[in-house]
Student: 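Here it is: the structure, laid out below.
Residue indices begin at 1 and follow the sequence shown.
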Amino acid sequence: MKAISLIKHSKGAFGLRLFGLGPNLKPTSGLNKLQKLLDRNAFWAKSRTIIDLKKCLSNSDVIVSLWVGDEIVGFGRALTDGIYRGVLWDIVIDQNHQGKGFGTLIVRNLLSSKKIKNTKKLYIMTTNKKLFYSQFNFEEVTSQDLLIREI
């Protein structure tokens, strides 16, 4: 059985972003594997470039990845001001590893991170996982409208 490794990356995920480091700080082409994970498992994250992923990671406050052996099977990140507002982003579990508690592991680690755990209001956007996020006390908000500006 392959080892399961949860990595709580430092802010900006320096090792993953610049050297492709995975479990045990070993080079594993981690950034390329992250790109493939997102492309295969998240319609909203298809076609993200390596350059854009590097920038995205470098500007993220909390980053968690989950590995089985040297394959990335889960990912999530968050942005926050550390007190008033935060947003969880890009929570993805490989379709072949769903139903094993990996999504719960990712979200729990994001929520318990030093930077996020005391943030007064956290947001998450989801297309079809409202029930999953409700176990973490996320509630649907109908009193506000989501506005988007795309470039």
Student: Step by step, work out the side chain to side chain contact (heavy atoms under 4.5 Å, CB included) result for L110 and I91.
Tutor: CA-CA 10 Å; L110 290 170; I91 298 169; 4.0 Å; yes
Student: So, using side-chain hydrogen bond (donor to acceptor under 3.5 Å, both in side chains) as the criterion, who are the partners of W67 when residues are at least two apart?
Tutor: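 W67 satisfies side-chain hydrogen bond (donor to acceptor under 3.5 Å, both in side chains) with S65 once adjacent residues are dropped.
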Student: Show me the donor-acceptor pairs, under 3.5 Å and distance only, between side chains in residues 10-22 and residues at least two apart or in other chains.
Tutor:
| residue | atom | partner | partner atom | Å |
| --- | --- | --- | --- | --- |
| K11 | NZ | D61 | OD1 | 3.0 |
| R17 | NE | G12 | O | 2.8 |
| R17 | NH2 | G12 | O | 3.4 |

Student: Salt bridge (Lys or Arg N to Asp or Glu O under 4.0 Å) with R40: which residues, sequence neighbours excluded?
Tutor: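 Partners of R40 by the salt bridge (Lys or Arg N to Asp or Glu O under 4.0 Å) criterion come out as none, since no residue qualifies.
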Student: Residues in side-chain hydrogen bond (donor to acceptor under 3.5 Å, both in side chains) with T28, at least two apart?
Tutor: none
Student: Let me check something: do I116 and L66 share a hydrophobic cluster, defined by ILVMFWY side-chain heavy atoms less than 4.5 Å apart, either directly or through other members?
Tutor: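 Yes, it is one cluster - the side chains of I116 and L66 are joined through contacts under 4.5 Å.
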Student: How far apart are the closest heavy atoms of A45 and L38, and which atoms are they?
Tutor: CB-CB, 3.9 Å
Student: Answer yes if V107 and V62 sit in the same cluster of Ile, Leu, Val, Met, Phe, Trp and Tyr residues linked by side chain heavy atoms under 4.5 Å apart, and no otherwise.
Tutor: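 Linked, V107 and V62 end up in one cluster.
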Student: Using residues 95-104 as the side-chain source, report each donor-acceptor pair under 3.5 Å to any protein atom, sequence neighbours left out, with the distance given to one decimal.
Tutor:
| residue | atom | partner | partner atom | Å |
| --- | --- | --- | --- | --- |
| H97 | ND1 | K100 | NZ | 3.0 |
| Q98 | NE2 | I93 | O | 2.9 |

Student: What residues form a side-chain contact (heavy atoms from CB on, under 4.5 Å) with K114, not counting sequence neighbours?
Tutor: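 Per chain and number, K114 pairs via side-chain contact (heavy atoms from CB on, under 4.5 Å) with no residue.
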Student: Please give me the minimum heavy-atom distance between P23 and G69, naming the atom from each residue.
Tutor: CG-O, 3.6 Å
Student: Please enumerate all residues that pass side-chain contact (heavy atoms from CB on, under 4.5 Å) together with K117, with sequence neighbours excluded.
Tutor: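 Expected list: none.
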Student: For the hydrophobic clusters of this structure (ILVMFWY residues joined by side-chain heavy atoms under 4.5 Å, transitively), does one cluster hold both L34 and W44?
Tutor: yes
Student: Might you point out which heavy atoms bring K115 and T80 nearest each other, and give the distance in Å?
Tutor: CG-CG2, 3.2 Å
Student: Might you point out which heavy atoms bring L37 and I72 nearest each other, and give the distance in Å?
Tutor: CD1-O, 4.0 Å
Student: Taking side-chain contact (heavy atoms from CB on, under 4.5 Å) as the definition, give me every residue that meets it alongside I51, ordered by chain and number, with sequence neighbours left out.
Tutor: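 Here the qualifying residues are T49.
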Student: Just how far is it from atom OG of S29 to atom CD of E71, taken to the nearest 0.5 Å?
Tutor: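 Between S29 OG and E71 CD, I get 9.5 Å after rounding to 0.5 Å.
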Student: Within the 4.5 Å heavy-atom criterion, are I63 and L57 side-chain neighbours or not?
Tutor: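 SC-SC contact between I63 and L57 confirmed.
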Student: I148: what forms a side-chain contact (heavy atoms from CB on, under 4.5 Å) with it, not counting sequence neighbours?
Tutor: L146, E150
Student: For the side chain of S60 and the backbone of A78, is there at least one donor-acceptor N/O pair under 3.5 Å apart?
Tutor: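 Such a contact is absent between S60 side chain and A78 backbone.
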Student: Show the nearest heavy-atom pair for residues I106 and L6, with the distance to one decimal.
Tutor: CD1-CD1, 4.4 Å
Student: V73 and side-chain contact (heavy atoms from CB on, under 4.5 Å): which partner among N41, I4, V68?
Tutor: V68
Student: Between side-chain atoms of residues 135-144 and protein atoms elsewhere (two or more places apart, or another chain), which donor-acceptor pairs fall under 3.5 Å?
Tutor:
| residue | atom | partner | partner atom | Å |
| --- | --- | --- | --- | --- |
| Q135 | NE2 | F132 | O | 3.1 |
| E140 | OE1 | K130 | NZ | 3.4 |
| E140 | OE2 | K130 | NZ | 3.4 |

Student: Nearest 0.5 Å, please: how far is CG in N24 from CG in D70?
Tutor: 11.0 Å
Student: Within the side chain of T126, is there an N or O that forms a donor-acceptor pair under 3.5 Å with the backbone of K129?
Tutor: yes
Student: If two hydrophobic side chains count as joined below 4.5 Å and joins carry through other members, does F75 share a cluster with L79?
Tutor: no
Student: Can you list everything that forms a side-chain hydrogen bond (donor to acceptor under 3.5 Å, both in side chains) with S113? Sequence neighbours excluded, please.
Tutor: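 So S113 forms no side-chain hydrogen bond (donor to acceptor under 3.5 Å, both in side chains) with any residue.
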Student: Tell me, which pairs form a salt bridge (charged side-chain N to carboxylate O under 4.0 Å, His left out) where one or both residues lie in residues 43-58, sequence neighbours left out?
Tutor: R48-D90
Student: When you group the ILVMFWY residues by side-chain heavy-atom contacts below 4.5 Å and let the links chain together, are Y123 and V64 in the same group?
Tutor: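 They do not share one cluster, since no chain of ILVMFWY contacts under 4.5 Å joins V64 to Y123.
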